Amino acid sequence: MKYNRCGKSGLLLPEISLGLWHNFGSVDNFENAESIAVEAFDKGITHFDLANNYGPVPGSAETNFGKILWHNFQGNLRDEIIISTKAGYTMWDGPYGDWGSRKYLLSSLDQSLKRMKVDYVDIFYSHRPDPETPIEETMMALDYAVRSGKALYVGISNYSAEQTRVAVDVLKQLGTPCLIHQAKYSMLVRWVEEGLLDVLEEKGVGCIAFSPLAQGLLTDKYLNGIPENSRAHNPNGHLKEDEVTVERIQKLIQLNEIAQNRNQSLAQMALAWLQKDKRITSVLIGASSVRQLNNNIECLQYLEFTPDELNAIEKILS
């Protein structure tokens, strides 16, 4: 595992980080979740990414991760891992459990620390911009999280390029630099290339890509349509059936051919493709099993692309 400097900070993050968005909630098998986290650490993944509402039920991923920490990362091992969490999406009913107010962010952070039974998190994010709350208020809450000792660094997620520029400037004025931006980025979702990555490079802010496999689309699972046990077949999933079009499947088939010629799976190639841009600090993967985790980590064995491969990929994606 290689560790990349996060923007212009002193913090190094692994090329691959583990996200706990799925498979770590109260509805999931705890022993399986624990084995995934322990295997990830053993393979060099030191960064574990959560949010207050991860589950289901909301909050349960943090609770379970707290148990995993207690069982496996006692003593100095806490100093060997990076824990991040976020607030910004709906966490509880009423006027104070959503969006970007100082009240919500700091209350949520306190709850997250209690669920995980830790004194601090390494990175605390504003999970999304709030159209009704001044960015200054949201950034002041992040600044306070660091000054109070409850977070070591702060970041933002799902902010546009222009919102990012404003947020980074406000944090700099407050004296708490923005460490990182967590953005949805994959072969199929490339909005960050339209200005955001340029802003992050200019401002010295790291970038971590989430949903790098487009909710499973960039795997061999959908090459023959929508299987019964897939996220797209689940009415409660984030990937909808109407996103798995005939045209998109044809693109996946062509991409898979390039991956096979590289002796990689489609998923491994998709993860490697993101890391060709040195502005990407880390790629955030999920895993439902130790086997899937290790298959994804194997992308690191071959990260280089020839110009012909990159041109062929661009032609398919266009």
Side-chain angles (χ1 to χ4, degrees), residues 2 4 15-17 19 157-162 164 181-202 205-227 230-233 237-287 292-318:
K2 178 185 172 187
N4 297 321
E15 294 171 290
I16 298 287
S17 299
S157 181
N158 299 303
Y159 280 56
S160 70
E162 187 52 40
T164 296
H181 188 298
Q182 186 170 134
K184 190 174 187 178
Y185 186 26
S186 70
M187 282 181 162
L188 301 178
V189 179
R190 301 175 64 175
W191 69 275
V192 302
E193 298 171 3
E194 300 170 1
L196 178 63
L197 289 176
D198 292 333
V199 171
L200 298 180
E201 183 177 32
E202 174 193 340
V205 177
C207 184
I208 181 168
F210 78 88
S211 290
L213 301 181
Q215 290 293 302
L217 260 181
L218 288 165
T219 68
D220 57 12
K221 184 176 290 186
Y222 295 94
L223 297 178
N224 297 308
I226 302 175
S230 66
R231 288 183 183 175
H233 193 74
H238 291 273
L239 179 64
K240 305 304 179 185
E241 283 195 29
D242 58 10
E243 295 181 64
V244 190
T245 62
V246 173
E247 179 186 10
R248 182 160 277 181
I249 289 173
Q250 288 303 311
K251 290 186 176 185
L252 297 177
I253 291 171
Q254 294 175 67
L255 290 170
N256 189 55
E257 290 176 358
I258 297 176
Q260 289 180 330
N261 289 333
R262 288 168 52 84
N263 294 317
Q264 288 183 315
S265 68
L266 176 56
Q268 289 167 349
M269 185 180 77
L271 295 173
W273 181 86
L274 285 171
Q275 298 188 56
K276 73 185 187 308
D277 192 322
K278 300 310 176 186
R279 294 172 294 185
I280 301 299
T281 309
S282 184
V283 176
L284 191 59
I285 64 169
Q292 185 185 56
L293 172 77
N294 285 325
N295 283 339
N296 286 339
I297 292 174
E298 285 178 12
C299 77
L300 299 177
Q301 295 179 7
Y302 188 28
L303 295 177
E304 301 301 319
F305 287 84
T306 68
D308 286 345
E309 286 173 333
L310 291 175
N311 289 335
I313 290 170
E314 281 300 320
K315 186 176 180 180
I316 294 168
L317 295 178
S318 64

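Heads up: numbering here begins at 1 and tracks the sequence. Quick note: numbers below take in every heavy atom, side chains included, and nothing from hydrogens, waters or symmetry partners. A quick note: this is a predicted structure, and the numbers were derived from the prediction, not measured.
Using a 4.5 Å heavy-atom cutoff, the side chains of D220 and L252 are not in contact. The closest side-chain heavy-atom distance from I208 to T281 is not below 4.5 Å. Looking at K276 and L310, their side chains come closer than 4.5 Å, going by heavy atoms from C-beta outward. Here the side chains of M269 and N256 are not in contact, with every heavy-atom distance at 4.5 Å or above. Put simply, the side chain of L196 does not reach to within 4.5 Å of the side chain of Y159, judged on heavy atoms. In this structure, Y185 and F210 have side chains that are not in contact, with every pair of non-hydrogen atoms separated by 4.5 Å or more. For the pair I258 and Q260, the minimum side-chain heavy-atom distance is 4.5 Å or more. Using a 4.5 Å cut-off on side-chain heavy atoms (C-beta onward), S211 and V189 make no contact.
Here the closest non-hydrogen pair linking I280 and L274 is CG1-O, 3.6 Å. For the residue pair A270 and P212, the shortest heavy atom distance occurs at CB-O, 4.4 Å. When all heavy atoms are compared, the tightest approach of C207 to A183 is SG-CB, 4.5 Å. The heavy-atom pair separating L271 from I285 by the smallest distance is CD2-CG2, 3.8 Å. Looking at every heavy atom in both residues, A267 comes nearest to L213 through O-CD2, 3.6 Å. Summarising the geometry of L303 relative to R262, their closest heavy-atom pair is C-NH2, 4.5 Å, with the distance given to 0.1 Å.
In terms of modelled atom types and a separation under 3.5 Å, the side chain of Q250 and the main chain of E247 share no donor-acceptor contact. In this structure, the side chain of W191 engages the main chain of K184 through a donor-acceptor pair within 3.5 Å. Of the possible polar contacts, none joining the H181 side chain to the T164 backbone as a donor-acceptor pair under 3.5 Å is found. Checking side-chain atoms of T306 against main-chain N and O of E309 turns up a donor-acceptor pair under 3.5 Å. With E15 contributing its side chain and K2 its backbone, the two residues share a donor-acceptor pair below 3.5 Å.
Here the CG atom belonging to L197 is positioned 13.5 Å from the NZ atom belonging to K278, to the nearest 0.5 angstrom. Q301 CD to N263 CG: the interatomic distance, rounded to the nearest 0.5 Å, is 10.5 Å. One distance of note links CD1 of I313 with NZ of K251; it measures 13.0 Å at 0.5 Å rounding. For the atom pair CG (L300) and CD1 (I16), the distance works out to 5.0 Å, reported to the nearest 0.5 Å.
For the residue pair S17 and S282, a side-chain donor N or O sits within less than 3.5 Å of a side-chain acceptor on the partner. A donor atom on one side chain and an acceptor atom on the other are not found under 3.5 Å apart for Y302 and Q268.
A 6.0 Å sphere centred on CD of E202 holds more than 12 heavy atoms belonging to other residues, nucleotides or ligands.
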- Run the numbers on E314 and R190 for salt bridge (Lys or Arg N to Asp or Glu O under 4.0 Å), then give the verdict. CA-CA 12 Å; E314 281 300 320; R190 301 175 64 175; 2.8 Å; yes

